[in-house]
Amino acid sequence: MSIATTPSAAPAAATPGRTSPATASTGRYRDQFIDVLRVAAIVAVVAQHWLMPVLSYDNGRLSAGNALTTDGAWAITWISQVMPLVFFAGGAAAAMSLRRRYVRLGQGPATSSAWLADRVRRLSLPVLPLAAVWLPLPHLLTWLGVPVQPVAAGAHVAGQLLWFLAAYVLVTALTAPALRAHDRWRGAEMVILAAGAVAVDVVRFTVAGGAGGTSADVLGYVNVVFVWAAIYQAGIMYASGGLDRLRGRTAWLTAAAGYGVAALMVAFGPYPASMIGMPGAPMSNMNPPTAVLLAVAVGQLGLALALRRGIERWASSAPVAHAVTVLSRRLMTIYVWHTPALVAVAGVAVIGLGIDTPAPFSEPWREQMGWWLLSLFAVLAVLTQVFGRYERSPSPTAHARPGRVVAASTLVGLGLLTLTLTGFGPLDGQTLQLGAPLAGSLAVVVGTALLRIHQVPGSVALEEHGRLKA
């Protein structure tokens with residue numbers, strides 16, 4: 001499929017509740033279904049993380065468990081583990097955005113590099129105030145007399161979930177070649193990625209020592225690329241119209257097939273039943289990701305596509321459309337700060353007031369969850385209001401040096417990975433360290449600064465377009 005490069009081509013306005021019109025060469029420009037899916041998935045991630053902790057505090061030591069270790073609660077994770085939907089929606093939105101940029105400025109390395117610079121910068125900017133607050137905060141708290149162990153636990157959690165941004169920067173950097181691959185192979189590339197994920201698991205669990213082996217775990221991290229890139233590629237396929245036939249009965253059958261394959265993999269394979277990592281479990285389906293997540297992703301996508309018409313009708317109402325728009329502008333801020341909000345509320349409730357978490361899903365637990373969620377929402381709302389201004393869409397960049405953008409994106413990704421592994425202080429959960437978190441934060445800062453390339457005003461963009469085509 002050729003990609004149009006004429007500057008006169010422009011996206012048509014979207015009709016409420018429907019995908020906006022698209023040319024045959026560029027696919028969709030905007031899709032309410034994808035917007036709702038992305039917002040709903042992040043909100044579900046936040047809600048799950050807020051409801052999971054089981055906390056108690058005694059003699060200066062914080063103990064943490066997971067409510068989803070309760071018998072049978074693993075089944076919840078087959079729906080609530082929505083990271084596959086996040087990567088799917090991200091791939092669709094990225095494809096629409098990059099094709100729109102191609103139409104405006106022409107296809108080429110300079111255009112895709114400029115797009116990537118804008119995209120990665122949008123992802124990295126919300127992390128800067130997080131680092132500015134959390135690098136000194138653990139040391140300040142211990143200086144004020146708070147015991148080291150709970151402070152170290154909180155500092156670790158504050159950075160741990162940045163793994164998503166690290167992985168997302170990686171797949172975002174692959175968007176341009178992923179688009180070209182789809183245009184050439186029309187979905188076969190997604191099958192190749194999925195087969196790669198299965199092959200990694202086969203080698204991991206048969207040759208490399210199985211679950212719990214060091215070499216097996218190292219090999220398993222190759223699936224960070226295969227698993228998430230395959231799901232991201234499914235989003236690109238959707239944006240190009242490749243999944244339009246998945247509706248109604250076909251979508252329901254797809255959902256059943258995906259969940260059926262996942263059930264077989266869990267029943268007869270080495271995979272745990274939970275789709276999130278559990279405390280003390282010998283292995284996790286998420287860290288590193290396993291191929292069973294691909295089957296669950298098919299199940300979730302089948303359900304989402306089966307409900308697509310209803311979702312679009314619901315999203316076309318003015319209050320819902322407004323809420324989606326507002327939340328979309330602050331999604332990364334919400335994600336980045338929802339765990340610090342959890343740390344703050346848990347610190348006051350559990351350590352300050354001595355309120356331990358009741359037995360999960362018991363009547364006292366259900367009664368307590370009301371004020372717990374309300375407190376968390378209030379704190380996150382304040383944090384989003386304060387720090388949300390750092391999440392802004394940069395003015396469109398007409399050109400960028402590919403080498404500089406790749407180097408900057410690599411720095412941002414490595415910095416986020418470092419913060420994922422170390423958090424903002426602890427290396428062993430008992431002591432506070434500054435070196436690794438500071439190095440990771442500096443990498444994100446330097447990478448973001450390098451992405452602050454010259455912004456070309458709209459009036460100059462068409463002139464730059466002509467130079468790009470020359």
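Just so you know, these numbers come straight off a predicted model, no measurement behind them.
- Here Tyr232 contributes atom OH and Thr172 contributes atom OG1; the two are 4.0 Å apart, rounded to the nearest 0.5 Å.
- With sequence neighbours excluded, the residues that form a side chain to side chain donor-acceptor pair (under 3.5 Å) with Thr448 are Ser124.
- Thr333 pairs by the side chain to side chain donor-acceptor pair (under 3.5 Å) definition with Glu391, not counting sequence neighbours.
- Taking Ala173 as the reference, Leu116 meet the side chain to side chain contact (heavy atoms under 4.5 Å, CB included) condition, with sequence neighbours excluded.
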Considering only distance and modelled atom types, tabulate donor-acceptor pairs under 3.5 Å from the side chains of residues 376-384, sequence neighbours left out.
| from | atom 1 | to | atom 2 | distance (Å) |
| --- | --- | --- | --- | --- |
| Thr384 | OG1 | Leu380 | O | 2.8 |

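- In terms of heavy atoms, Met286 sits closest to Ile276 at CG-CA, 4.1 Å.
- Rounded to the nearest 0.5 Å, atoms CG (Leu130) and CG (Leu125) are 13.0 Å apart.
- At least one side-chain heavy atom of Gln81 sits less than 4.5 Å from a side-chain heavy atom of Met83.
- The ring-ring contact (aromatic ring centres under 6.0 Å, His included) check on Phe387 picks up Trp337, with sequence neighbours excluded.
- Applying side chain to side chain contact (heavy atoms under 4.5 Å, CB included) to Leu162 and the options Val444, Leu419, Thr339, Leu421 leaves one that passes, Leu419.
- A distance of 11.5 Å separates CG of Leu416 from CG of Leu170, quoted to the nearest 0.5 Å.
- Residues passing the side chain to side chain donor-acceptor pair (under 3.5 Å) test with Tyr335, sequence neighbours excluded: none.
- Sequence neighbours left out, the pairs with a member in residues 278-306 that pass side chain to side chain donor-acceptor pair (under 3.5 Å) are Tyr221-Asn287, Asn285-Thr290.
- Applying the side chain to side chain donor-acceptor pair (under 3.5 Å) test to Ser80 and every residue at least two apart in sequence or in another chain returns Gln48.
- Salt bridge status for Asp35 with Arg38: present, with a side-chain N to carboxylate O gap under 4.0 Å.
- In this structure, the side chain to side chain contact (heavy atoms under 4.5 Å, CB included) partners of Leu442, at least two apart in sequence or on a different chain, are Leu438.
- For Val446, the side chain to side chain contact (heavy atoms under 4.5 Å, CB included) test picks out Leu411, Leu450, with sequence neighbours left out.
- Leu135 places a side-chain heavy atom less than 4.5 Å from the side chain of Ser441.
- For Phe88, the ring-ring contact (aromatic ring centres under 6.0 Å, His included) partners two or more places apart in sequence, or in a different chain, are Tyr238.
- Counted by atom type alone, Arg186 and Ser240 present zero donor-acceptor pairs between their side chains at under 3.5 Å.
- Residues passing the side chain to side chain contact (heavy atoms under 4.5 Å, CB included) test with Ile79 are Tyr259, Leu303, sequence neighbours excluded.
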